[in-house]
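Heads up: the structure comes next, in structure tokens.
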Amino acid sequence: RQYLGRYGPSAFGAFDVVLRADSSLALRNARGDYQQLVPVRPNQFRIREAPEVTLEFSVVNGRATTLTASDAAGEFTFMRQ
């Protein structure tokens, strides 16, 4: 639950990190589409539908404050709202 919430806005818009009915984490974009997060190590995930993307949460006092997405094109940081 430390990761749940809205991140953004950015040039890519805002999105939510949500808990699915099966207890998995997912990204939900503005259209309502979901992308499942696959844990890699503490605070780090990959997107099942785009495994080349690594997502890393910065956690302060048990709560995520930013989410950084990395791939071959570069790195983008999204602030938790």
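Excluded from the calculations below are hydrogen atoms, water molecules and symmetry mates; all remaining heavy atoms, backbone and side chain alike, are included.
Leu4 pairs by the side-chain contact (heavy atoms from CB on, under 4.5 Å) definition with Arg1, Val17, Leu19, Leu25, not counting sequence neighbours. Annotation: side chain to side chain donor-acceptor pair (under 3.5 Å) contacts of Ser24 (sequence neighbours excluded): Asp22. Residues passing the side-chain contact (heavy atoms from CB on, under 4.5 Å) test with Glu52 are Ala50, sequence neighbours excluded.
The CG atom of Asp33 sits 8.0 Å away from atom CD of Gln35, with the distance rounded to the nearest 0.5 Å. Here the CG-OG1 distance, from Leu67 to Thr77, works out to 8.0 Å after rounding to the nearest 0.5 Å. Between the CZ atom of Arg48 and the CD atom of Gln36 there is a distance of 4.0 Å, given to the nearest 0.5 Å.
Of all heavy-atom pairs between Gly62 and Gln2, the closest is O-CB, 3.1 Å.
In this structure, Arg80 contributes its side chain and Ala64 its backbone to a donor-acceptor pair below 3.5 Å.
Clustering of Ile, Leu, Val, Met, Phe, Trp and Tyr side chains at separations under 4.5 Å places Tyr34 together with Val18.
The list of ring pair (Phe, Tyr, Trp, His ring centres under 6.0 Å) pairs with a residue in residues 60-81, not counting sequence neighbours, reads Phe12-Phe76, Phe15-Phe78.
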Report the C-alpha separation of Leu27 and Asp16 in whole Å, then their side-chain angles, then the decisive distance to 0.1 Å, and conclude whether the side-chain contact (heavy atoms from CB on, under 4.5 Å) test is met. CA-CA 6 Å; Leu27 297 180; Asp16 297 305; over 6 Å; no
Anything under 3.5 Å between a donor and an acceptor, one on a side chain of residues 54-61, the other on a protein residue two or more places apart or in another chain? List them.
residue, atom, partner, partner atom, Å
Thr54, OG1, Arg46, NH1, 2.8
Glu56, OE1, Gln44, NE2, 3.3
Ser58, OG, Thr66, OG1, 3.2

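The closest side-chain donor-acceptor pair between Asn43 and Tyr3 falls under 3.5 angstrom.
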